[in-house]
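Notes follow once the structure below has been shown.
Within every chain, numbering begins at 1; the chains are lettered A, B, ... in the order of the sequence lines, protein sequences first and strands thereafter.
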Amino acid sequence: MRGMKLSNQEIAGIFYEIAEFLAMENIQFKPRAYEKVASAVESLDESVYDIYKKEGLKGLKNIPNVGESIAEKIEEIVKTGRLKYYEELKKRTPIDLKGLEKIEGLGPKGIRKLYKEIGIKNLDDLEKAAEAGKIRELDGFGKKAEENILKGIEFAKQSGSRFILGYAMTEISEVIEGIKSLKEVQKIKVVGSARRKKETIGDIDILVQSDSPKPIMNYFVGMPGVVRVYDHGENKSNIRHKNGMDMDLRILPEESFGAALLYFTGSKEFNIELRKIAVKKGEKLNEYGLFKEIRNKKEKRIAGKTEEEVFEKLDMQYIEPEMRENQGEIELALRNKLPKLIGYGDLKGDLQIQTNWTDGSNTIEEYAKEAIKLGLEYILITDHTKRLAMTGGLDEKGLLKQIKAIDKANEKFKNKNFRILKGSEVDILKDGTLDIKDEVLKKLDIVGASVHSYFNLSREEQTKRLIKAMENKNVDIIFHPTGRIINRRKAYDLDIDEIIKTAKRTKTVLEIDAYPDRLDLKDEHIKKCVDAGVKLAIDSDAHAIPHMHYLKWGIAQARRGWAIKNDIINAHPLGKLLKFLKQ
DNA sequence: GCCGTTTTCGGCCCGACTGTTTTCAGTCG
């Protein structure tokens, strides 16, 4: 095999681009076929190189939506690192497709026209042509189109990555509160990827139930912070907010609200599958409801008021929003075999908290009081250890001192059915040993260990390092196992399957760090752990009191990984939790 | 290009809004 190995993500990118090129040529159905493959490759948890190595062409064809022709194309990529078909398409139309399609309102047909008629290849060309007034002269374009292109270029220049859900939610809530205050609003709900609790979101979709949409729409497009209005209709409007987010508002009446909720929550692939199920039953599903044709083409709405009703009429179980990704959940729902996901109120404790003994802002007691308010029964204090000098990490002596302080603090909560547990976030050194002696670790209730250095070790070394830490009998949990920070730092290179295998063998728990920009493990890793029977902990990683409220984002991530209550050790009462741990 | 309780050909999810149309194509989600 020659050339650079492409990631699944990059290969998916190629197929997305091919879809786009084919759409430009006005070719029917093929673009959709390539898109589907791109999305399937993107969500694989095994590299296509590994699949090909193990099972060859046949393995590739087992990827959903991959047939003869595309399997061969993937094979070519694996073998040569290139794809001739793609390169020829690019040669025929040598343009910066990815850049140009960022412009809102500009699609494949428009891009093709701009290239064919006035030779526009990239955003620079486009900007110059628009400024020179050349766009408006083209058939099918006009003055308005030219203006929109200029605005689009400006936004494309300043818009960056996707937004982190847990952080964006605060600002979203303000907008929601504003809309909610209108008397015409009967119900309001954030839908789209935010309701599915994806870790990052591209835009905000909002759904309102109302019988008089007009005043609501008028408020929405004119509310404070709106910098651009893309659409302003009776049922649907779309704006850009000054915080950089695009927001979509749809308004429907009560009889359609459930169907609309279902539709606008997505995912797109999930919706398409659901609609196909309806079609097979001779019915039609859209955002207004589930419809059955009665005599002479007249339709009757058989469901639509609630999501539950629509699922029921489709003869399937209710599917939680976090699962709606068309990753097998639909089949399970049809067979009445869905797992019962861990609930948002199911946690009994928080197992990662940093106090003012190191780099946290609050005292042990303050955290305990907040935990009681949140309905928790225990917390684990996990301050950093000595190698992390910049946090004032504790050494053996410091830890022993903290143990005594916790004993004393526990006196105060005796009557409250609440316990503060003694723990630590021990540093895993380069060779996999720990920076605190075993004889001290032994005295703690629960020990978490994590990596804070040498992020650039080779996959083999990094994996070995973590395995060694897991093999330590005192280590109960590995905190933030992959080390990624969303939009800021890549995960360190790790053989996650080996880590999961070792976790199973050594009875080590892996953490779902609930901090909004960590969410480490990722949903697909969680799914693997659940399948392998590896236990997980959901922790806030709080460095201050408000951070304890992040636990819900960890639960959301666990639900996206199909975890049930029994998979999460801190969903258990204290006694049962302690039995799970090593020794 | 893929896929199959309408199986190896003939389908492929469905609807809102805009701009430039004079009944609709393109784009988006």
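- If you check every strand for non-hydrogen atoms under 4.0 Å, A:Gly266 touches nothing.
- A:Arg250 places no side-chain N or O within 3.5 Å of a backbone atom of A:Ile206 that could act as its donor or acceptor partner.
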Where do N or O atoms of nucleotides 1-4 of chain B meet protein N or O atoms at under 3.5 Å, pair by pair?
unit_1: B:dG1; atom_1: OP1; unit_2: A:Ser69; atom_2: OG; d: 3.3
unit_1: B:dG1; atom_1: OP2; unit_2: A:Lys30; atom_2: NZ; d: 3.1
unit_1: B:dC2; atom_1: OP1; unit_2: A:Gly67; atom_2: N; d: 2.6
unit_1: B:dC2; atom_1: OP1; unit_2: A:Gly67; atom_2: O; d: 3.4
unit_1: B:dC2; atom_1: OP1; unit_2: A:Ile70; atom_2: N; d: 3.2
unit_1: B:dC3; atom_1: OP1; unit_2: A:Asn65; atom_2: N; d: 2.7

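- The C1' atoms of B:dT20 and B:dA25 are separated by 10 Å, rounded to the nearest whole Å.
- The ring-ring contact (aromatic ring centres under 6.0 Å, His included) check on A:Tyr318 picks up A:Phe311, with sequence neighbours excluded.
- When heavy atoms are screened at a 4.0 angstrom cut-off, A:Glu104 is found touching the sugar-phosphate backbone but no base atom.
- A:Leu207 has its CG atom 16 Å from the P atom of B:dG29, to the nearest Å.
- For A:Lys189, the NZ atom counts as loosely surrounded, since its 6.0 Å shell holds 12 or fewer non-hydrogen atoms of other residues, nucleotides or ligands.
- When only modelled atom types and interatomic distance are considered, A:Glu17 and A:Tyr86 share a side-chain donor-acceptor pair under 3.5 Å.
- With a 3.5 Å ceiling on both atom-pair distances, B:dT8 lacks any Watson-Crick or G-U wobble partner.
- Glycosidic conformation, B:dT7: syn, with the torsion inside 90° of 0.
- Using modelled atom types, one finds a donor on one side chain and an acceptor on the other under 3.5 Å when comparing A:Asn148 with A:Arg228.
- Judged by distance alone, the side chain of A:Glu20 and the main-chain N or O of A:Leu97 form no donor-acceptor pair under 3.5 Å.
- Within the nucleic acid shown, A:Pro31 has no heavy atom closer than 4.0 Å to any nucleic acid atom.
- For the C1' atom pair drawn from B:dT27 and B:dT21, the interatomic distance equals 16 Å after rounding to whole Å.
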When you compare the protein's N or O atoms with those of nucleotides 16-19 of chain B, which come within less than 3.5 Å of each other, and at what distance?
unit_1: B:dA16; atom_1: OP1; unit_2: A:Tyr288; atom_2: OH; d: 2.8
unit_1: B:dC17; atom_1: OP1; unit_2: A:Glu234; atom_2: N; d: 3.1
unit_1: B:dC17; atom_1: OP1; unit_2: A:Asn235; atom_2: N; d: 2.8
unit_1: B:dC17; atom_1: OP1; unit_2: A:Lys236; atom_2: N; d: 3.1
unit_1: B:dT18; atom_1: OP1; unit_2: A:His232; atom_2: N; d: 2.7
unit_1: B:dT18; atom_1: OP1; unit_2: A:His232; atom_2: O; d: 3.1

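- Distance, A:Asp315 CG to B:dT5 C1': 15 Å, rounded to whole Å.
- The base of B:dG29 sits within donor-acceptor range of the side chain of A:Tyr263, with an N or O pair under 3.5 Å.
- A:Thr306 places a side-chain N or O within donor-acceptor distance of the main-chain N or O of A:Glu309, the cut-off being under 3.5 Å.
- At a threshold of 4.0 angstrom between heavy atoms, the contacts of A:Leu285 are confined to the sugar-phosphate backbone, with no base atom among them.
- Stacking of A:Lys73 on the aromatic ring of A:Tyr85 is recorded, both the 6.0 Å distance cut-off and the 45° axial limit being met.
- Defined by atom type and a distance below 3.5 Å, a donor-acceptor pair is present between the side-chain atoms of A:Gln186 and A:Asp211.
- As rounded to whole Å, 15 Å separates atom C1' of B:dG29 from atom CD1 of A:Ile206.
- If you take CD1 of A:Ile272 and P of B:dC28, they are 16 Å apart, rounded to a whole angstrom.
- When heavy atoms are screened at a 4.0 angstrom cut-off, A:Ile103 is found touching the sugar-phosphate backbone but no base atom.
- For A:Lys109, whose side chain is taken as the heavy atoms from C-beta onward, the closest listed nucleotide among B:dG29, B:dC13, B:dG26 is B:dG26.
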